Engineer: 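The structure is given below, and queries will be raised subsequently.
Remember, it's 1-based here, ligands and their atoms both numbered in the order they're listed. All figures in this text were calculated on a predicted structure; none of them were measured in a lab.
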Amino acid sequence: MSSNIRITRICQHCGNEFEARTTVTRCCSDRCAKQAYKARKRAEKVENSNKETIIVKSQPIEAIKAKEFLTVRDASKLLNCSRQTVYNLINAGNLKAVNIKLKKTLIKRSEVDKLFA
Ligand SMILES: [Zn+2]
């Protein structure tokens, strides 16, 4: 895309006018591009987190109780704690869980009950 063209553009990040050498350049400098990227990633994270919250909220606890095998998210809802706490319990050996595949941990419903035995 690089060529001899010169286009006056407005930086998406700082709003300053600059001369771009390609038609797809969005930021005036490497620094701005990096900051814009960071801001975008941050916004994505917040959005994903919000989506997750909605999913958890929309999942009634009764439906989780009826399941035989729980995800870490289910277990955290059931135990009224964070997912990290569930992972901590698993890592400490207090809660038996199985990694059926990478990033997919299942916990047997009865194992959660054993915590209180
Ligand atoms: Zn800029």
Side-chain angles (χ1 to χ4, degrees):
M1 284 301 276
S2 186
S3 66
N4 295 324
I5 56 164
R6 290 278 189 278
I7 318 159
T8 304
R9 301 203 57 161
I10 306 290
C11 174
Q12 272 195 350
H13 188 67
C14 67
N16 286 339
E17 217 172 75
F18 71 103
E19 235 179 34
R21 288 188 196 132
T22 79
T23 54
V24 292
T25 311
R26 287 180 297 185
C27 294
C28 66
S29 63
D30 202 37
R31 196 170 154 261
C32 268
K34 276 178 185 157
Q35 284 180 359
Y37 175 80
K38 270 190 182 175
R40 206 161 58 234
K41 282 288 158 194
R42 208 176 301 133
E44 268 173 31
K45 270 188 191 167
V46 170
E47 201 186 306
N48 283 341
S49 175
N50 286 341
K51 270 188 204 159
E52 216 166 72
T53 306
I54 290 166
I55 290 169
V56 172
K57 269 190 179 172
S58 64
Q59 210 169 36
I61 198 144
E62 294 306 320
I64 297 171
K65 279 182 184 166
K67 288 187 199 171
E68 176 149 23
F69 297 99
L70 310 172
T71 62
V72 171
R73 182 187 284 147
D74 291 339
S76 68
K77 184 105 196 263
L78 206 57
L79 292 166
N80 203 13
C81 64
S82 70
R83 284 189 299 154
Q84 188 56 52
T85 306
V86 175
Y87 281 117
N88 290 346
L89 282 167
I90 294 166
N91 292 335
N94 294 324
L95 184 60
K96 218 169 115 190
V98 178
N99 273 318
I100 57 163
K101 68 175 189 185
L102 197 70
K103 292 191 174 178
K104 186 79 183 172
T105 306
L106 285 185
I107 302 146
K108 210 170 174 200
R109 174 75 176 84
S110 56
E111 291 298 327
V112 175
D113 293 329
K114 276 187 197 168
L115 278 175
F116 304 96

Engineer: Side chain of R73, backbone of I55: donor and acceptor closer than 3.5 Å?
Structural biologist: no

Engineer: Output the rest of the hydrophobic cluster of I100: all Ile, Leu, Val, Met, Phe, Trp and Tyr residues reachable through side-chain heavy-atom contacts under 4.5 Å, sorted by chain and number.
Structural biologist: F69, V98, L106

Engineer: I'd like to check I5 versus I7 (side-chain heavy atoms, cut-off strictly below 4.5 Å). Are they in contact?
Structural biologist: yes

Engineer: Do NZ/NE/NH1/NH2 and the carboxylate oxygens of E19 and R6 come within less than 4.0 Å?
Structural biologist: yes

Engineer: The Zn ion (ligand 1): which protein N, O or S atoms are under 2.8 Å away?
Structural biologist: C11 SG, C14 SG, C28 SG, C32 SG

Engineer: Quick check: closest heavy atoms across I107 and A75, and the distance to 0.1 Å?
Structural biologist: CD1-CB, 3.8 Å

Engineer: Hey, is K51 close enough to E44 for a salt bridge, meaning N to O under 4.0 Å?
Structural biologist: no

